[in-house]
Amino acid sequence: QVQLVESGGDLVQAGESLRLSCAASGNVFSINTLGWYRQAPGKQRELIADITRSGKITYTHFTQGRFTLSKDNANNMLYLQINDLREEDTAVYYCHADATYEAYEHEFWGRGTQVTVSS
C-alpha cells in the first residue's frame, strides 16, 4: 500500500502563487510514477504533470510554464508550484501514484487539496 496526503491548497487572489505538497508513505519503493491531477467543478479529472522513478518529468500542454513539479526523494515528498494563478485553476488537486508490487500494477490517490482562485 501507498498513502498519499496532499496539503497547501488555499483561497488566493488571481496572480498569486501556491506550492502544493504531497507526502508519500508506505511501500514507496514500489512507486513507478508520481503525479499531480486536478478536477474542477463539473469537469473530468485531468493530469497536470508527473515524474517517473528515473526523474523524467512530463507536463500537460495547458501548464504553459506556470506549473513546476519537483520531488524530494529523501523525504518522499512531491511538490507542485503554481504561479500566476487564474480563476480557471480553481479545482481540487490530487496526488497520484502508480506502483508495482506483488506482480501487479496498483494505483493510489490522495484525498485532494482545494485550490480556489478569486478575481
Side-chain angles (χ1 to χ4, degrees):
Q1 292 286 322
V2 173
Q3 294 79 41
L4 303 170
V5 179
E6 305 94 335
S7 61
D10 204 350
L11 169 62
V12 297
Q13 297 285 323
E16 293 184 345
S17 299
L18 274 179
R19 187 195 197 203
L20 307 183
S21 301
C22 170
S25 61
N27 197 355
V28 296
F29 295 104
S30 69
I31 295 174
N32 300 312
T33 305
L34 274 171
W36 285 100
Y37 286 70
R38 71 181 184 183
Q39 187 166 18
K43 294 188 177 181
Q44 289 190 331
R45 194 171 297 188
E46 60 182 355
L47 173 67
I48 300 169
D50 60 23
I51 181 167
T52 65
R53 185 196 298 269
S54 63
K56 178 184 176 184
I57 299 175
T58 302
Y59 292 97
T60 304
H61 65 90
F62 71 78
T63 56
Q64 298 176 338
R66 297 190 298 117
F67 294 73
T68 303
L69 184 148
S70 60
K71 188 173 173 221
D72 177 353
N73 289 318
N75 295 297
N76 298 315
M77 295 292 296
L78 186 72
Y79 301 102
L80 184 69
Q81 176 74 33
I82 315 173
N83 297 326
D84 187 25
L85 278 153
R86 305 168 182 173
E87 285 186 79
E88 56 263 37
D89 294 321
T90 294
V92 179
Y93 285 70
Y94 295 93
C95 189
H96 171 268
D98 68 73
T100 303
Y101 61 90
E102 297 175 350
Y104 288 99
E105 296 282 330
H106 303 266
E107 271 195 298
F108 300 95
W109 293 93
R111 292 188 174 186
T113 186
Q114 176 71 49
V115 172
T116 304
V117 184
S118 64
S119 60

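Note that the structure is predicted; figures quoted are calculated from it, not measured.
- Once rounded to the nearest 0.5 Å, the distance linking CD1 of I57 with CD1 of I51 reads 4.0 Å.
- Side chain of T90 to backbone of V117: a donor-acceptor contact under 3.5 angstrom is found.
- In this structure, OG in S119 is found 14.0 Å from CZ in R86, a value given to the nearest 0.5 Å.
- Between Y101 and F108, the ring planes are parallel. Angles under 30° get that label, and only those over 60° would be called perpendicular.
- In terms of hydrophobic clustering, with Ile, Leu, Val, Met, Phe, Trp and Tyr side chains grouped at heavy-atom distances under 4.5 Å, L11 and V115 are assigned to different clusters.
- For the atom pair T33 OG1 and R53 CZ, the distance stands at 8.5 Å (nearest 0.5 Å).
- Between Q44 atom CD and Q39 atom CD the span is 8.5 Å, to the nearest 0.5 Å.
- Hydrophobic clustering (ILVMFWY, side-chain heavy atoms < 4.5 Å, transitive): Y94 and L18 are in distinct clusters.
- Placement of L47 and F67 in two distinct hydrophobic clusters is found when ILVMFWY residues are connected by side-chain heavy-atom separations under 4.5 Å, directly or transitively.
- The CD atom of E88 sits 8.0 Å away from atom CZ of R38, with the distance rounded to the nearest 0.5 Å.
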Practice prompt. Check the pair R66 / D89 against side chain to side chain contact (heavy atoms under 4.5 Å, CB included), numbers first and verdict last.
Written response: CA-CA 11 Å; R66 297 190 298 117; D89 294 321; 2.8 Å; yes

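- The backbone N or O of I48 lies less than 3.5 Å from a partner atom in the side chain of T60, making a donor-acceptor pair.
- Shown here is Q1, whose CD atom has no more than 12 heavy atoms of other residues, nucleotides or ligands within 6.0 Å.
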Could you pull out every donor-acceptor pair under 3.5 Å between side chains of residues 77-85 and any protein atom, sequence neighbours left out?
from, atom 1, to, atom 2, distance (Å)
Q81, NE2, N83, OD1, 2.9
N83, OD1, S17, OG, 3.1

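- Salt bridge annotation for R111-E6: absent, with no cationic side-chain nitrogen under 4.0 angstrom from a carboxylate oxygen.
- In this structure, the side chains of V2 and H106 stay at 4.5 Å or more apart for every pair of heavy atoms.
- For residues 35-56, the pairs satisfying ring-ring contact (aromatic ring centres under 6.0 Å, His included) are Y37-H96, Y37-W109, with sequence neighbours left out.
- Note that the CD atom of Q13 and the OG1 atom of T116 stand 11.5 Å from one another [nearest 0.5 Å].
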Fill in: Audit row: L4, L34, side chain to side chain contact (heavy atoms under 4.5 Å, CB included) steps and yes/no
CA-CA 10 Å; L4 303 170; L34 274 171; 4.2 Å; yes

